[in-house]
Amino acid sequence: MTEAPRFTTLGCRLNAYETEAMKRMAAEAGLGDAVVVNTCAVTAEAVRKARQEIRRLRRENPTARVIVTGCAAQIDPDSFAAMDEVDTVIGNAEKMKPETWARLGPDFVGETEPVMVDDIMSVTETAGHLIDGFGTRSRAYVQVQNGCDHRCTFCIIPYGRGNSRSVPAGVVVDQIKRLVQQGFNEVVLTGVDLTSWGADLPAAPRLGDLVMRILKLVPDLPRLRISSIDSIEADDNLMQAIATEKRLMPHLHLSLQHGDDLILKRMKRRHLRDDAIAFCEEARRLRLDMTFGADIIAGFPTETEAHFENSLKLVDDCDLTWLHVFPYSARPGTPAAKIPNRVDGATIKARAARLREAGARAVTRHLDAQVGRTHSVLMESPVMGRTEQFTEVRFAEARTEGAVVSAHISGHAGMALSA
């Protein structure tokens with residue numbers, strides 16, 4: 001019996017989603033004795049880890065075909081193809097095509113190219129393979145958008161993902177209806193630049209339009225969650241949904257990146273510090289239980305201690321709870337990599353640690369505030385679930401996985417509430 005290919009996913013939730021599609025296509029093609037690595041390129045460290053993982057997998061699977069795909073492979077295919085451990089490199093568009101996997105299967109007649117990577121900027125469609133039920137048995141993820149039209153100076157991802165492409169609302173709604181029929185109690189909308197959804201569709205609808213349409217047309221969906229957004233692009237209908245739709249979960253992860261106006265301009269971000277603060281204040285005014293996560297970069301070129309202090313203060317000024325802290329690393333091919341006066345590595349590491357400490361204090365404040373309250377919790381396992389605000393809850397007694405249960409919060413330990 002032919003051994004099924006093994007998949008390793010690095011990086012974002014979208015990569016994990018696409019791995020599920022690749023598994024299905026690889027199985028249909030009859031691909032066997034292969035290792036597929038779906039890489040990330042968000043930082044130089046992510047690329048280093050991808051190479052490390054490829055070498056490890058080759059050592060552990062000396063006879064398998066090693067196939068590398070994902071953002072790092074899309075951006076720099078030749079360097080991965082030059083690795084002795086790698087047999088085939090596949091681009092981000094190619095990995096989502098059944099014909100690509102057919103060329104790798106045992107029934108293909110002819111030669112298989114070692115590098116199958118085309119111009120990602122020429123791709124005009126996304127989500128050709130909608131995966132029903134990806135995630136846990138309780139929560140499903142739905143890709144509604146891919147790519148990014150913006151060119152932040154620190155970011156290499158548009159060169160790995162291409163320009164923004166949206167999945168039509170009707171296709172999204174139909175998929176969510178199927179997921180609800182399968183018993184999923186929560187759906188998460190995901191994408192690379194989620195708030196750009198709709199710009200390439202007829203009449204240019206906005207993300208808020210999609211959210212309102214889903215909630216209207218899928219009345220049996222208990223919980224809808226949206227992943228990372230760019231707060232400056234939040235539209236009126238999205239704000240209305242935050243204010244009026246209790247089935248939209250009160251947790252937003254914000255792409256803030258910094259708290260100083262000069263650094264934000266040098267990053268080529270589209271918002272200023274006051275914009276971020278105003279958005280958080282308004283969202284919390286509309287929904288009192290709203291919580292925020294945020295991406296923040298420490299040590300961007302030319303960042304002084306005063307600039308960094310503005311990022312540190314942003315944690316309190318925006319009342320952020322869940323931080324994703326990224327120590328800056330130069331990505332070749334980005335404008336920021338050419339900026340002189342780089343912050344030294346030790347300073348970057350120290351500033352990132354200070355941000356994480358501020359984030360840990362914010363989490364503790366949030367957990368303290370939940371004690372004594374009752375929350376609606378989606379069970380991810382028999383003894384662990386998450387509140388509407390995505391806070392982890394640990395239970396003393398087992399509950400039904402996938403169910404939404406009412407839980408009285410008695411305390412907290414570590415990063416989780418206790419019920």
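- Side-chain atoms of Thr39 come within 3.5 Å of backbone atoms of Thr69 as a donor-acceptor pair (strictly under, hydrogens ignored).
- Taken to the nearest 0.5 Å, the CZ atom of Arg331 stands 7.5 Å off from the CD1 atom of Ile157.
- Arg394 contributes no side-chain N or O that, together with a main-chain N or O of Ala419, makes up a donor-acceptor pair within less than 3.5 Å.
- The CG atom of Asp260 sits 6.0 Å away from the CG atom of Leu262 when rounded to the nearest 0.5 Å.
- From Thr195, atom OG1 reaches atom CD1 of Ile229 across 6.0 Å, with rounding to the nearest 0.5 Å.
- Residues His366 and Thr291 bring no donor and acceptor atom of their side chains to less than 3.5 Å of each other.
- Between the side chain of Asn15 and the backbone N or O of Thr9, no donor-acceptor pair lies under 3.5 Å.
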**Request:** Run the numbers on Glu282 and Arg287 for salt bridge (Lys or Arg N to Asp or Glu O under 4.0 Å), then give the verdict.
**Result:** CA-CA 9 Å; Glu282 177 64 6; Arg287 186 81 177 264; over 6 Å; no

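- The shortest non-hydrogen separation linking Leu217 to Lys177 is O-CE, 3.4 Å.
- Judged by distance alone, with hydrogens and angles left aside, the side-chain atoms of Gln145 form a donor-acceptor pair with the main-chain N or O of Val192 at under 3.5 Å.
- A search for salt bridge (Lys or Arg N to Asp or Glu O under 4.0 Å) contacts involving Arg58 returns Asp87, not counting sequence neighbours.
- One finds the CZ atom of Arg273 at 4.5 Å from the CG atom of Asp317 (value rounded to the nearest 0.5 Å).
- Ser79 approaches Arg51 most closely through the heavy-atom pair OG-NH2, 2.9 Å.
- Remark: Glu28 does not engage Arg24 in a salt bridge, criterion side-chain N to carboxylate O under 4.0 Å.
- Phe300 and Tyr328 have their aromatic ring centers within a separation under 6.0 angstrom.
- Inter-residue side-chain proximity for Leu189 and Gln143 is flagged as unmet; no heavy-atom pair is nearer than 4.5 Å.
- Using modelled atom types, no side-chain atom of Arg351 and backbone atom of Lys349 make a donor-acceptor pair closer than 3.5 Å.
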**Asked** What do the steps show when you test Asp209 against Arg206 for side-chain contact (heavy atoms from CB on, under 4.5 Å), and what is the final call?
**Response** CA-CA 5 Å; Asp209 301 324; Arg206 304 292 299 277; 3.7 Å; yes

**Message:** Before you tell me yes or no, could you show the steps for Val117 and Val89 under side-chain contact (heavy atoms from CB on, under 4.5 Å), namely the whole-Å CA-CA distance, both residues' side-chain angles and the distance that decides it to 0.1 Å?
**Reply:** CA-CA 7 Å; Val117 181; Val89 179; 4.0 Å; yes

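- Applying the ring-ring contact (aromatic ring centres under 6.0 Å, His included) test to every pair with at least one member in residues 20-60, sequence neighbours left out, gives no pairs at all.
- If you take CD1 on Ile277 and CG on Asp316, they are separated by 10.5 Å, rounding to the nearest 0.5 Å.
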**Message:** Run Arg284 and Asp319 through salt bridge (Lys or Arg N to Asp or Glu O under 4.0 Å) and show every step you take.
**Reply:** CA-CA 10 Å; Arg284 189 169 280 109; Asp319 198 8; 3.6 Å; yes

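- Here the closest heavy-atom approach between residue His258 and residue Leu264 is recorded as O-CD2, 3.7 Å.
- Listed by first and then second residue, the salt bridge (charged side-chain N to carboxylate O under 4.0 Å, His left out) pairs involving residues 155-164 are Glu18-Arg161 (not counting sequence neighbours).
- The backbone N or O of Gly259 sits less than 3.5 Å from a side-chain atom of Ser311, completing a donor-acceptor pair.
- For Asp368 against His412, the heavy-atom pair with the smallest separation is OD1-NE2, 2.6 Å.
- Looking only at side-chain heavy atoms (C-beta outward), Leu210 and Leu194 stay at 4.5 Å or farther from each other.
- Judged by distance alone, with hydrogens and angles left aside, the side-chain atoms of Arg223 form no donor-acceptor pair with the main-chain N or O of Val404 at under 3.5 Å.
- In this model, no donor atom of one side chain and acceptor atom of the other lie less than 3.5 Å apart for Glu388 and His251.
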**Request:** Show the numbers, then the answer: is there a ring-ring contact (aromatic ring centres under 6.0 Å, His included) between His253 and His324?
**Result:** CA-CA 9 Å; His253 190 83; His324 287 179; 4.6 Å; yes

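- Defined by atom type and a distance below 3.5 Å, a donor-acceptor pair is present between the side-chain atoms of Arg269 and Ser255.
- In this structure the side chain of Ile263 reaches within 4.5 angstrom of the side chain of Thr302, judged on heavy atoms.
- Between Val173 and Val218, some side-chain heavy-atom pair lies under the 4.5 Å cut-off.
- Considering only heavy atoms from C-beta on, Asn92 comes within 4.5 Å of Cys71 through its side chain.
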**Message:** Before you tell me yes or no, could you show the steps for Glu45 and Arg48 under salt bridge (Lys or Arg N to Asp or Glu O under 4.0 Å), namely the whole-Å CA-CA distance, both residues' side-chain angles and the distance that decides it to 0.1 Å?
**Reply:** CA-CA 5 Å; Glu45 177 65 10; Arg48 187 193 69 79; 2.7 Å; yes

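- Atoms CG and CG, from Asp261 and Asp274 in turn, are 6.5 Å apart once rounded to the nearest 0.5 Å.
- Here the side chain of Arg386 pairs no donor or acceptor atom with the backbone of Val393 at under 3.5 angstrom.
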**Message:** Checking Thr347 against Phe308 for the side-chain contact (heavy atoms from CB on, under 4.5 Å) test, could you report, in this order, the C-alpha distance in whole Å, the side-chain angles of both residues, the deciding distance, and whether it holds?
**Reply:** CA-CA 11 Å; Thr347 300; Phe308 171 73; over 6 Å; no

**Item:** Lys313/Glu309 under salt bridge (Lys or Arg N to Asp or Glu O under 4.0 Å): CA gap, chis, key distance, verdict
**Value:** CA-CA 6 Å; Lys313 288 186 286 188; Glu309 287 290 339; over 6 Å; no

**Test log, rule side-chain contact (heavy atoms from CB on, under 4.5 Å), inputs Val66 and Asn61** = CA-CA 9 Å; Val66 175; Asn61 303 274; over 6 Å; no

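- A salt bridge is defined here as a Lys NZ or Arg NE, NH1 or NH2 lying under 4.0 Å from an Asp or Glu carboxylate O, and Asp33 with Arg6 meets this definition.
- Side-chain atoms of Thr100 come within 3.5 Å of backbone atoms of Glu94 as a donor-acceptor pair (strictly under, hydrogens ignored).
- At least one side-chain heavy atom of Ile90 sits under 4.5 Å from a side-chain heavy atom of Trp101.
- Closest heavy-atom contact between Asp149 and Ser164: OD1-N, 2.9 Å.
- Between Lys23 and Glu20, at least one side-chain N (NZ, or NE/NH1/NH2) sits under 4.0 Å from a carboxylate O, which counts as a salt bridge.
- Taking both residues in full, the closest heavy atoms of Gly359 and Leu323 are given as CA-CD1, 3.7 Å, listed atom of the first, atom of the second, then distance.
- Checking side-chain atoms of Asp230 against main-chain N and O of Glu233 turns up no donor-acceptor pair under 3.5 Å.
- Proximity of Lys268 to His150: side-chain heavy atoms (C-beta onward) are nowhere separated by under 4.5 Å.
- You'll find the side chain of Met415 stays beyond 4.5 Å of the side chain of Glu392, heavy atoms only.
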